[in-house]
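What follows is a set of notes on a single structure, which appears directly below.
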Amino acid sequence: MSKLFGEQLAIVNLGLSSFADAARTQGAAVIHPEWQPPAAGDRDTGLALARLFKDPRVEAANRQAYAAYLASQPVWVGMGRAKEVVPGMGAQMILHSGPPIAWDEMCGPVQGAIIGAILFEGWADSPQAARALAASGQVAFEPCQHHHAVGPMGGIISPSMPVFVVRDSEHGHLTFSNMNEGLGKVLRFGAYSDDVLERLAWMRDELAPVLAGAIEALGGVELKPLMAQALHMGDEVHNRNAAATGLLLKKLVPAILRLDIDAGLKARAIEFVSANDHFFLNLSMAACKAMLLAAEGVPGSSMVTGMGRNGVRFGIRLSGTGDTWFTAPAPVVHGLFFSGFGPDDAAPDLGDSVITETAGVGGFAMAASPAIVRFVGGSASDALAHSLAMREITLGQNPAFTLPSLDFASSAAGIDARKVVDTGIMPVINTGIAHKEAGVGQVGAGITHAPAECFHQALRALAQTLAD
Amino acid sequence: MSLHLAILRNQYRDSVALMQLSAALAKLEGIRQASAVMATPANLALLERAGLINDAPEAAPNDLLIALEGDEAAFAGALDAARQALEAKGGDGDGGPQRLPANSLTMALERQPDSNLALISVPGQYASAEAEKALRAGLNVMLFSDNVSGEDERRLKELATELGRIVMGPDCGTAIIHGVPLAFANVCRPGRIGCVGASGTGLQQVTVLVDRLGEGVSQAIGTGGHDLAEAIGGLSMLAGIRALGEDDATEVIVLVSKPPAEAVARKVLDAAIATGKPVVVNFLGADPARLPQHPHLHYASTLQSAAQMAVAMARGAAVTDCAPVFDAETARGARGLLAPEQRTLRGLYSGGTFCYEATLMLGGALPGLRSNTPTKAVPAPDDVWQVGGHCLIDLGDDEFTRGRPHPMIDHRLRNERFVAAAADPSVAVILFDIVLGYGAHEDPLAAMRDTLLEVRAMAREAGRALHLVATVCGTDADPQGYARQCEGFAELGVMLTASNAEAVALARAIVADL
């Protein structure tokens, strides 16, 4: 019988616990999970999961996708204008965060940011005219992630905006992100007042060229080691980027100081980056996008290669299902609010910054960031628990990102949609909370989870692609 | 001594971790000196000074260098060790939160990667998905759950065949694998008799009798009751037969089932013959004369006889199919005590196969017999809740278990039926089963004692001698203890026999031709 049942019986007992006790008493190794119907009891999704479970085609595809993700080496190689560097960027196009969405469906902060971008581009001369233009259908709205770009919150990128250019030196592809403007009244939260637009113009005209010069002098900045170091210094490189921004400054400042430009330009650039603890966030996001882009497009793979929210819907993409988004209503974020604000002020979950969780940092690396845990309303042990729990739903752990408080364990990475559906454990997301009205800004921060429904749809679609 | 240098691009590690790694590598056999460092200019200078490199390599400060000095043969092993250490998943943090408890097959397999059997008793609508997942993960499946469609059963069993695995079930209540009783099963000593059965209590009866006859069970494989239907084609029984054929410990094979469709029977018996081992077959109620004959095939007419023949076969003794024996003296005595109106038999079973075996044996003997495990000769009662005359009832039937525990676990419903039978002046004999083992009630004697006392008191007050005839299906190693249970039931006046077939024979002798 050794052929059929092995030398020693090792049982997984699903259901009645008395069966487990009996078999254990009689000497068998038994594990008795507290079984719950997978996919929240949705039978069709459960059957799709069964078809894909340990499917050798999926396993091989995931190995390929995950290896490409691990091998990716994102390097910040320079700055560029969106219309010149972002592939497919149209002359009258505005990119936004998350899955596709039409103008009249968009949430307040995204509409506000688009009005700001139209004013910034000079396509209209008043907010009213900008709103009318946006509603007219003459401006194309597309997700950043359709253009290898990512942007936090509204994620608005218009043609003349400066973008970070990140190159994956392993695979050669480029990814992009807009520049972080700081906190408060900023475009990404939907503000479009004159001071916001003036800051954007300054970033385009002064800051971006200074940074471009510094990066050229440095020959690029390797982002993965910098992120890894920041994880050892209390960042999780999504909601906390203080250490990473500091590390970046250590590289930038000497290079900026050596540039042959006006001293005032240098000072203003250094002051701006120094004053914004979130400056690194957008680079972190572009780096994460680069790692995930490497894993895209492997037929049969159940690895999640994209997540994003547009303030109305949360969407995910799998490596094995191409460009399709699987969406569900964006969840409300539970967290702490700045004084004077409460849950009623909050917009639903918004932004592409969840690309960090998709790449195994952010909420997945929360154990690295005790400082952020209180901010998002938890204890230090909650942070460890979140990072541990994410191991249950990932293809592996990324040795490039280690977590000191978990004894330098590697961070869980490479979300496997099958594992999410079977365990019901949803990817944990550390995120800021935007005010639901345009231009008010960030009103809090907290923790949320990707909606289960996205993974159910994705798994059913993946099963379809593999059906005979 | 030679040198080796490995460059791991863009693998930042802090210096403390790298010092630990360097120390660990230097301790490896054949390594004289080892250094793991980030390729900063300062570190490169250190390596050169230590004689670990001759020229500065093409490396950036974000690259991790592993420089080794020692026997060339040891380098590959050292680099493997280094990679392992760098990729180590790490601990869960001291005093930190524990790993989540498993809630799914995915998590269970992570925690017990050598799992080889899934025992599934989740609600039917989810059971086939769990079974499919387990099969795809390389596990065998015992599917206790019922309400799995025939289509799903067929699909699962075809998948199992393709993957070289077995699905026991759906609706499989009994198995013993490597001596471990699964679901409803008895603790039998290990031995050389292997069983495959489509009937749960049928398997229990054969295995406990093998045990009590002093032999042991290699494996008892359940298939679920629908396996031998034409639509399923006996795929699980075929897999079970193959497995027992390949199993060195199994010397004799026993097959238990209701008679399969002819085509299925032929396939199953061909597979049995192909094992080259002697096979005892109990197709309950089938006429052996109409089944294929072969020197390796031995047909048994009862479950007890199947066990006896298998034991004889294992011991090299003469093998004959024997009718169940009973003590004629006892039967005559009991018959003599009956009042003139006491003429009927009431069977109150918890095991479906026991009830079916009784129905087969009593079919021609008791006029007007009804049974809710009907045969061609014995129709079902019009209403299982209101019965009269000679009647056999399986209280484990769906009709009784919907929304209620099985009578092997919860004796209350059957106890009520005992009282009802005792109140019926026509009843002469109550025939029943007492099933021990895992899954069954922890103490059937305690669960039935008050009822049996009450039943006897009722009969005594009515001036009747009501005979209780039963068999205990169990072994001494069962948690309830066969001897202890038998002693207790005997004290309560129950006439006990070694097997169900013998109990039926005794009851028949008491009431036949009254």
If every non-hydrogen atom of [X] is compared with every non-hydrogen atom of [Y], which pair is closest and at what distance?
X      : Y      : value
A/V12  : B/S115 : CG2-OG, 3.4 Å
A/R43  : B/S128 : NH1-OG, 4.0 Å
B/S104 : A/P33  : N-CB, 3.7 Å
A/G46  : B/A129 : O-CB, 3.8 Å
B/P123 : A/W35  : CD-CZ3, 4.1 Å
B/Q112 : A/V30  : OE1-C, 3.5 Å

Using non-hydrogen atoms only, which part of [X] is less than 4.5 Å away from chain A: side chain, backbone, both, or neither?
X      : answer
B/D63  : neither
B/R83  : neither
B/L109 : side chain

Under 4.5 Å, counting heavy-atom pairs only, tell me which of [options] racks up the most with chain B.
options                     : answer
A/G15, A/A29, A/G424, A/A50 : A/A50
A/K224, A/Q8, A/R418        : A/Q8
A/G41, A/A367, A/G27        : A/G41

So do the side chains of [X] and [Y] get within less than 4.5 Å of each other, counting heavy atoms only?
X      : Y      : answer
B/P181 : A/Q26  : yes
A/L388 : B/R99  : no
A/I31  : B/M107 : no

Subject >> Qualifying residue, where the test is side-chain contact (heavy atoms from CB on, under 4.5 Å) with A/E392 and the options are B/N103, B/L100, B/T106 >> reply: B/L100
Original post:
Which one, B/L105, B/L86, B/L182, B/D114, leads in non-hydrogen pairs under 4.5 Å with chain A?
Top reply: B/L105
Original post:
Do you know which of B/N140, B/N116, B/V180, B/L135 has the most heavy-atom pairs with chain A at a distance under 4.5 angstrom?
Top reply: B/N116
At a heavy-atom separation under 4.5 Å, does [X] approach chain B through its side chain, its backbone, both, or neither?
X      : result
A/E170 : neither
A/Q229 : both
A/I393 : neither
A/T423 : both

Original post:
More than 12 non-hydrogen atoms from neighbouring residues, nucleotides or ligands closer than 6.0 Å to NZ on B/K277, yes or no?
Top reply: yes
Original post:
Are there more than 12 heavy atoms of other residues, nucleotides or ligands under 6.0 Å from atom CD of B/E158?
Top reply: yes
[atom2] on [Y] to [atom1] on [X], rounded to 0.5 Å:
X     : Y      : atom1 : atom2 : answer
A/L14 : B/K133 : CG    : NZ    : 8.0 Å
A/L47 : B/R155 : CG    : CZ    : 6.5 Å
A/H32 : B/L119 : NE2   : CG    : 10.0 Å

Subject >> Step-by-step side chain to side chain contact (heavy atoms under 4.5 Å, CB included) determination, B/R136 to A/L52 >> reply: CA-CA 9 Å; B/R136 292 192 190 279; A/L52 299 170; over 6 Å; no
Subject >> Chi angles and distances behind the side chain to side chain contact (heavy atoms under 4.5 Å, CB included) call for B/Y438, A/T25 >> reply: CA-CA 10 Å; B/Y438 283 100; A/T25 309; 3.4 Å; yes
Original post:
Checking side chain to side chain contact (heavy atoms under 4.5 Å, CB included) for the pair A/R51/B/E132: CA distance, chi angles, key distance, verdict?
Top reply: CA-CA 7 Å; A/R51 303 278 184 289; B/E132 181 173 348; 3.0 Å; yes
Original post:
Between A/K419 and B/E110, does a salt bridge (charged side-chain N to carboxylate O under 4.0 Å, His left out) hold up when you go through it step by step?
Top reply: CA-CA 11 Å; A/K419 292 185 174 183; B/E110 289 268 334; 3.5 Å; yes
